[in-house]
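Naming convention: chains lettered A, B, ... in sequence-line order (proteins, then strands); numbering from 1 in each chain. Every heavy atom of this structure was used, including side-chain atoms; hydrogens, water molecules and symmetry mates were not.
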Protein chains: 2
Amino acid sequence: MTEPPGPMRQVQIAHIATEYYVHGKTRIEIAEQTGLSRFKVGRLLDEAVESGIVRFEISSPSNVSLDLSVRLRERFGLDHAVVVAIPTDSEVTVQEALGATTADLLGEVLADDDILGLTSGRTLNAMARSLTSLRCHNVVQLAGVAGPIQQSGLEVMRRVSMLDGVRPWPIYASLLMSDAQAAEGVRRQPDIRQTFDQFSRVTVAVGAIGSWVPRNSLMYENRALNDADRRRILDRGVVAEIAATLVTDSGEVVHDLDSRSIAVSEKQLRAIPTRIGAAGGPTKVRAIRAVLTAKLLTGLVTDSETAQQLLAG
Amino acid sequence: MTEPPGPMRQVQIAHIATEYYVHGKTRIEIAEQTGLSRFKVGRLLDEAVESGIVRFEISSPSNVSLDLSVRLRERFGLDHAVVVAIPTDSEVTVQEALGATTADLLGEVLADDDILGLTSGRTLNAMARSLTSLRCHNVVQLAGVAGPIQQSGLEVMRRVSMLDGVRPWPIYASLLMSDAQAAEGVRRQPDIRQTFDQFSRVTVAVGAIGSWVPRNSLMYENRALNDADRRRILDRGVVAEIAATLVTDSGEVVHDLDSRSIAVSEKQLRAIPTRIGAAGGPTKVRAIRAVLTAKLLTGLVTDSETAQQLLAG
DNA sequence: GCAATCCTTGCTCATGTGAGCATGATAGTT
DNA sequence: AACTATCATGCTCACATGAGCAAGGATTGC
């Protein structure tokens with residue numbers, strides 16, 4: 001971006017730039033039309049870019065913030081990164097928007113023979129609401145119901161089950177039991193075992209991310225945890241959870257609750273080729289970073305402000 | 001501009017488009033980086049343009065409306081067309097802006113060995129005020145002073161004369177005489193004759209355009225004209241004047257006043273290779289179109305609203 | 001006046017790119 | 001299951017383009 005050229009030169013450059021970029025003519029055609037040499041045309045086009053007369057505006061027709069998406073992808077080595085350009089109003093609007101975009105993303109990523117794995121969570125509820133059809137036939141619930149309210153926890157699977165041709169593999173159980181033995185008992189149940197057997201076949205997983213510090217997690221609220229549990233886990237540096245996998249800032253996985261959880265294990269999760277997280281909002285930034293650091297995800301759907309903070313950190 | 005692609009595809013396209021257009025990488029480089037074939041990259045770039053993810057924005061760093069300039073140029077077969085993007089506020093602000101841009105244009109167009117010809121007029125006064133230096137050595141006044149006020153009519157030459165290294169060839173006379181004999185007498189004056197002798201050497205002319213219908217012309221006001229003159233000329237369909245050349249809507253030149261005028265003749269004017277008109281504002285549209293139709297100009301500086309009306313007509 | 005310098009211009013040749021085609025996959029239909 | 005239409009993919013070959021260079025012209029300094 002140097003000195004602006006004189007007005008006539010600007011007009012000439014603009015003419016050539018329009019012919020080349022907008023009308024798609026070749027430099028040689030333009031040269032013939034204008035009587036210039038093709039080299040001259042090329043240099044004027046260079047000048048058009050340098051002087052800022054042509055600018056390349058790269059923007060999404062929908063509300064995807066492309067620049068942030070690309071940077072996020074490269075920064076955290078993701079295969080799929082989608083940043084939704086929305087103001088961080090309320091948590092609810094963020095979740096709605098992320099849910100809708102995650103639904104779009106699924107429609108794009110999924111193939112017929114994929115097997116989809118889902119966790120519960122409010123963003124995923126929003127996603128389920130936006131889904132009108134699903135290309136794949138099997139949907140596997142990856143974790144028991146996290147929050148205190150069974151009703152909303154089951155909504156994801158309930159909605160997905162209503163779609164044409166979908167075979168659901170639900171988990172009618174809470175995410176956490178109060179002791180290992182109870183969990184073992186639940187896992188032995190035939191219907192739950194059936195679902196667990198699907199974990200290894202899942203090819204695409206979509207999961208919510210819970211934040212323990214600051215607190216924004218349905219798992220944290222789970223009634224099977226007592227205060228001692230929560231304190232102990234926090235003391236071990238846990239800041240985030242995905243499915244029932246607990247993660248610290250440095251990306252280490254804490255296995256404290258493994259034996260008590262009704263969910264896909266860390267190992268099983270990592271075996272899934274495509275693992276997309278859907279989370280956003282200011283309370284989730286630290287948790288998302290932790291989960292990304294742990295390399296638990298291959299994709300992320302988030303909002304623009306969160307993306308910026310992830311990139312800044 | 002078809003269906004927007006899915007979010008991930010958008011991100012991929014955005015990435016590729018950024019690499020190609022903004023960072024200037026080749027398709028082959030991008031193909032190697034991303035693992036795609038160069039054809040795939042090419043098709044994604046096509047899609048980027050089609051879907052509107054990349055847009056080519058062509059805009060002036062100064063306030064030149066490039067699109068209109070180009071269209072004006074092509075529509076009227078001009079070599080130089082500059083449309084200044086200003087709201088049509090008062091006549092004065094339009095004249096100021098046109099003057100400043102015309103000065104820029106001169107700085108660009110003029111070479112050392114050019115000989116500049118000027119008429120008088122308010123837009124040209126504004127131009128003279130904006131001129132800080134002039135690359136050429138000889139400036140020739142092409143027409144006597146048009147308006148009733150000698151003072152302002154001479155301002156253009158006065159200002160230009162003050163610039164470094166400029167040799168002025170002024171005409172200290174009114175544009176029109178009351179009869180042919182008086183005009184003949186004036187033309188015989190040695191100093192005026194000297195200036196007239198320069199006409200054939202002038203290479204670049206800048207002229208104001210006067211409008212007779214609607215009325216916005218200093219020439220029309222000239223005291224050497226009586227009401228009968230004015231009526232007769234209007235009856236012959238004259239709508240515009242440049243220097244002392246009268247033009248009708250259809251672009252015909254009316255020679256009614258030739259013998260009485262102290263100015264470059266139509267023939268002499270047409271012999272000048274570069275002839276730039278500077279005029280704008282709603283009252284001048286019809287006059288400008290007439291002068292353009294007469295092919296009296298090779299260039300035009302005007303405002304955006306006037307340009308739009310010229311193109312619309 | 002002359003040389004040194006810079007800038008502009010258009011060239012060559014290696015490289016990048018587009019049009020059109022053949023191939024293989026996919027989806028819908030009989 | 002076979003057939004057809006459609007689409008995506010990657011090829012060839014002709015064409016468009018970029019990097020670097022050499023010639024000409026202008027500018028500057030002595």
Side-chain angles (χ1 to χ4, degrees), chain A residues 2-6 8-10 12-13 15-51 53-54 56 107-115 132-137 163-166 203-204, chain B residues 2-6 8-13 15-51 53-54 56 107-115 133-137 164-165 203-204:
Chain A
T2 54
E3 274 298 280
M8 262 318 297
R9 183 161 254 254
Q10 279 185 34
Q12 188 187 33
I13 289 174
H15 174 229
I16 289 174
T18 307
E19 290 290 84
Y20 187 72
Y21 287 110
V22 181
H23 299 150
K25 299 199 179 176
T26 71
R27 293 160 182 217
I28 293 176
E29 281 179 301
I30 298 169
E32 281 165 2
Q33 272 178 23
T34 56
L36 302 167
S37 74
R38 73 181 182 84
F39 306 98
K40 182 84 184 161
V41 172
R43 283 175 183 127
L44 285 173
L45 284 172
D46 290 346
E47 192 177 345
V49 176
E50 274 164 29
S51 67
I53 289 179
V54 278
F56 306 108
E108 191 186 355
V109 166
L110 282 181
D112 280 1
D113 53 351
D114 273 321
I115 294 177
T132 55
S133 70
L134 211 52
R135 291 170 54 92
C136 73
H137 307 303
L163 298 173
D164 269 355
V166 168
T203 54
V204 176
Chain B
T2 53
E3 273 298 278
M8 263 317 297
R9 184 161 252 256
Q10 280 184 34
V11 172
Q12 188 188 31
I13 288 175
H15 174 230
I16 288 175
T18 306
E19 290 290 85
Y20 187 71
Y21 288 110
V22 180
H23 299 151
K25 301 199 178 174
T26 71
R27 292 161 184 219
I28 294 176
E29 280 180 301
I30 297 169
E32 281 166 1
Q33 273 178 23
T34 56
L36 301 167
S37 74
R38 73 180 182 83
F39 306 99
K40 182 84 184 160
V41 172
R43 284 174 182 130
L44 286 173
L45 284 171
D46 290 346
E47 192 177 343
V49 176
E50 274 164 30
S51 67
I53 289 180
V54 278
F56 306 107
E108 191 186 354
V109 166
L110 283 180
D112 281 0
D113 52 351
D114 272 321
I115 293 176
S133 71
L134 212 51
R135 290 171 55 92
C136 73
H137 306 304
D164 269 353
T203 53
V204 177

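Side-chain contact between A/Q10 and A/I13: absent, with no pair of heavy atoms (C-beta onward) separated by less than 4.5 Å.
Under the side-chain hydrogen bond (donor to acceptor under 3.5 Å, both in side chains) criterion, B/T203 pairs with B/D114, sequence neighbours left out. Residues passing the salt bridge (charged side-chain N to carboxylate O under 4.0 Å, His left out) test with A/K25, sequence neighbours excluded: A/E19. Every residue two or more places apart in sequence or in another chain was checked for a side-chain hydrogen bond (donor to acceptor under 3.5 Å, both in side chains) with B/Q12, and none qualifies. A search for side-chain hydrogen bond (donor to acceptor under 3.5 Å, both in side chains) contacts involving B/R9 returns B/E47, not counting sequence neighbours.
Straight-line distance from the CD atom of B/E47 to the P atom of D/dC7: 14 Å, rounded to whole Å. If you take CD1 of B/I28 and C1' of D/dC11, they are 14 Å apart, rounded to a whole angstrom. Taking atom CG on B/L45 and atom P on C/dA19, their separation rounds to 13 Å, with Å as the unit. Note: CG (A/L44) to C1' (D/dT17) measures 15 Å, nearest angstrom. Taking atom CD on B/E32 and atom P on C/dT17, their separation rounds to 11 Å, with Å as the unit.
Sorted by residue number, the members of residues 15-25 of chain A with any non-hydrogen atom under 4.0 Å from DNA chain D read A/Y20. A heavy-atom distance below 4.0 Å to DNA chain D is reached by these residues of residues 34-42 of chain A, ordered by number: A/R38, A/F39.
Taking the six-membered ring where the residue is Trp, the centroids of A/Y21 and A/F56 are separated by under 6.0 Å.
With rounding to the nearest 0.5 Å, the separation of CG in B/L45 from CD1 in B/I30 is 6.0 Å. From B/I16, atom CD1 reaches atom CD of B/Q33 across 10.0 Å, with rounding to the nearest 0.5 Å.
Across the interface with DNA chain D, nearest-nucleotide mapping of A/R43 and A/E29 shows A/E29 to be the residue nearer the 5′ end.
If you check C/dT17, D/dT17, C/dT9 against the side chain of A/T26, the one that comes closest is D/dT17.
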